[in-house]
*Asks:* 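First, the structure itself, so that you have it in front of you.
All chains are named by letter (A, B, ...) in the order of the sequence lines, taking the proteins before the strands, and each is independently numbered beginning at 1.
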There are 2 protein chains.
Amino acid sequence: MSRVEGKLLGMSLRHALLGLLVDHPASGYDLLKTFDTSLANVWPATQSQIYGELAKLADAGLIVVSEQGPRGRKEYTLTDPGLAELRRWLTETEPQRTTRSDVLLRVFFLGVLTPRQARDYLDGQAAHAAELHANLEALDDSIDWDDDDLSVYGRIALEYGRRFAAMQRDWARWALTQVKSK
Amino acid sequence: MSRVEGKLLGMSLRHALLGLLVDHPASGYDLLKTFDTSLANVWPATQSQIYGELAKLADAGLIVVSEQGPRGRKEYTLTDPGLAELRRWLTETEPQRTTRSDVLLRVFFLGVLTPRQARDYLDGQAAHAAELHANLEALDDSIDWDDDDLSVYGRIALEYGRRFAAMQRDWARWALTQVKSK
DNA sequence: AGCAACATGTAAGGAGTTACATGATTAG
DNA sequence: CTAATCATGTAACTCCTTACATGTTGCT
């Protein structure tokens, strides 16, 4: 009985947790901090979700409680099957590319607004993207990247965000010219 | 009693349906086709979800069944409150920007693979993005854009997809050089 | 002593997916 | 006649969010 074979649906939170436990053991609380900071823009997760998923992962033997601390703190460590599962996910499964875009969905319906209102929307998007881009540039500059794995892949991830923000900013500015010309 | 004030959480499917009903009445079946084709890459939705949401929208008075056809077909028409709600959503609410990216999440953990495997992953992403980009360029070329609202905003949406695909392709190719240099 | 931070857990409900279930109509 | 398409509805389950609930520890 009991969760014999967890079906392999999305479940990326599961793999995010496994991935974060590769380098060092951590508690749910520690992991929550990571989700709220460095992973916030890639895979947001709530406290509730994290504690629940950690329990399931422990249940499945992919992680174990390796140490208990004060205040009921439980430090989890990745097991060999856990690492194997992480590798399997990375090499044998295709990333879901079904990204819903609220920003873009709205564009489809801007025709129901006045051109003025539509431009306000696009202008807001441009401003937001420009701000994000500036923040990411500043962040990039502030980090002293060396060439260990964490730095290499961390930097690649940050560069994705930087390019994405720039693309959105430029697209929104271009879109403004299309609406203005009407 | 009964859904007095639907709390304004995400609920973008609701607004997508309202938006699609602006130009002309349609049935759940018609709308499903639209979600499977033109909206598939922006806001995917299943048959199950669509029928359920249409029932709720009708219940809330934002749409009405304006005509019944063969096979129990129900054609829905947008009401004035429905159009007002669509405009409110467009002008008074901020788009959710919490986009989870499965592609990017994996990048964070590529360090657990061999450089060869990591490169395979990035190479796959580059290939996929390049293919998508080519398809969107072809689609853009095949459409005879005029300058009505649908064309203007449809083209702006398509251009977003085109630029996004190009960005992903170029990023993945750049990332490959970063991993190779190790 | 008191407050901020540490630390975990559960309940209720919204949103999305897959699968099941059923039937009518039309084109060949 | 029969297969493809049209057409709707529901059930079960996962995932995610918000909110509630509770208690400990360290610092000043």
*Asks:* Starting at CD of A:Gln96 and ending at C1' of D:dC16, how long is that distance when rounded to a whole Å?
*Replies:*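 Taking CD of A:Gln96 and C1' of D:dC16, I get 15 Å after rounding.
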*Asks:* In whole Å, what is the span from the CE atom of A:Met11 to the C1' atom of D:dC16?
*Replies:*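 These atoms are roughly 15 Å apart.
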*Asks:* Taking only N and O in the side chain of B:Tyr51, is any of them less than 4.0 Å away from OP1 or OP2 of D:dT8?
*Replies:* yes
*Asks:* Could you tell me whether the phosphate oxygens of D:dC6, OP1 or OP2, come under 4.0 Å of any side-chain nitrogen or oxygen in B:Tyr29?
*Replies:* yes
*Asks:* In whole Å, what is the span from the NZ atom of B:Lys33 to the C1' atom of D:dA7?
*Replies:* 10 Å
*Asks:* Rounding to an integer number of Å, can you tell me how far B:Trp43 CH2 sits from C:dG16 C1'?
*Replies:*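 From B:Trp43 CH2 to C:dG16 C1': 11 Å.
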*Asks:* According to a strict under-4.0 Å criterion, is B:Arg71 in side-chain N/O contact with OP1 or OP2 of C:dT25?
*Replies:*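 Checking B:Arg71 against C:dT25: no side-chain N or O falls below 4.0 Å of OP1 or OP2.
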*Asks:* If I take atom CG in residue B:Leu32 and atom P in nucleotide C:dG16, what distance separates them, rounded to the nearest angstrom?
*Replies:*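 Taking CG of B:Leu32 and P of C:dG16, I get 15 Å after rounding.
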*Asks:* Report yes if a side-chain nitrogen or oxygen of B:Gln47 is closer than 4.0 Å to either non-bridging phosphate oxygen (OP1 or OP2) of D:dT8; otherwise report no.
*Replies:* no
*Asks:* What nucleotide, of D:dA19, C:dG16, C:dT17, holds the atom closest to the side chain of B:Leu13?
*Replies:*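 Comparing D:dA19, C:dG16, C:dT17 against the side chain of B:Leu13, the answer is C:dG16.
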*Asks:* Looking at A:Arg173 and A:Asp123, does any basic side-chain N land under 4.0 Å from a carboxylate oxygen?
*Replies:* no
*Asks:* Find the distance A:Asp30:CG to C:dA5:P and express it as a whole number of Å.
*Replies:* 16 Å
*Asks:* Using a strict cut-off of less than 4.0 Å between a Lys/Arg side-chain nitrogen and an Asp/Glu carboxylate oxygen, indicate whether A:Glu159 and A:Arg163 qualify as a salt bridge.
*Replies:* yes
*Asks:* Going by modelled atom types, is there a donor-acceptor pair between the base of C:dT8 and the side chain of A:Ser27 at under 3.5 Å?
*Replies:*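 Absent.
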*Asks:* Take the protein atom CG of B:Asp102 and the nucleotide atom P of C:dG16, then report the distance between them rounded to whole Å.
*Replies:* 17 Å
*Asks:* Whether B:Arg87 and B:Glu85 form a salt bridge (side-chain N of Lys/Arg under 4.0 Å from carboxylate O of Asp/Glu) is what I want to check.
*Replies:*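 Salt bridge flag = no for B:Arg87 with B:Glu85.
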*Asks:* Which residue is it: B:Leu113, B:Thr114, B:Asp120? I am looking for the one with a side-chain contact (heavy atoms from CB on, under 4.5 Å) to A:Thr91.
*Replies:*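 For A:Thr91, the side-chain contact (heavy atoms from CB on, under 4.5 Å) test succeeds with only one of B:Leu113, B:Thr114, B:Asp120, which is B:Leu113.
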*Asks:* Phosphate oxygens OP1/OP2 of D:dC16: is one of them under 4.0 Å from a side-chain N or O of A:Arg100?
*Replies:*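 Checking A:Arg100 against D:dC16: no side-chain N or O falls below 4.0 Å of OP1 or OP2.
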*Asks:* Of A:Pro44 and B:Glu75, whose nearest nucleotide on DNA chain D comes first from the 5' end?
*Replies:*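 Of the two residues, B:Glu75 wins.
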*Asks:* So, A:Tyr153 versus B:Phe109, ring centres under 6.0 angstrom or not?
*Replies:*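 No, the ring of A:Tyr153 stays outside the 6.0 Å limit from the ring of B:Phe109, centre to centre.
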*Asks:* How close or far is atom C1' of C:dG9 from atom OH of A:Tyr76, stated in whole angstroms?
*Replies:* 11 Å
*Asks:* For DNA chain D, whose closest nucleotide is more 5', that of A:Thr46 or that of A:Gly72?
*Replies:* A:Thr46
*Asks:* Is there a side-chain polar atom (N or O) of B:Lys74 under 4.0 Å from OP1 or OP2 of D:dG9?
*Replies:*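 Yes, B:Lys74 has a side-chain N/O under 4.0 Å of OP1/OP2 on D:dG9.
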*Asks:* Measuring to OP1 and OP2 of D:dT17, would you say a side-chain N or O of A:Gln49 lies under 4.0 angstrom away?
*Replies:*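 Answer yes for this pair, as a side-chain N or O of A:Gln49 is under 4.0 Å from OP1 or OP2.
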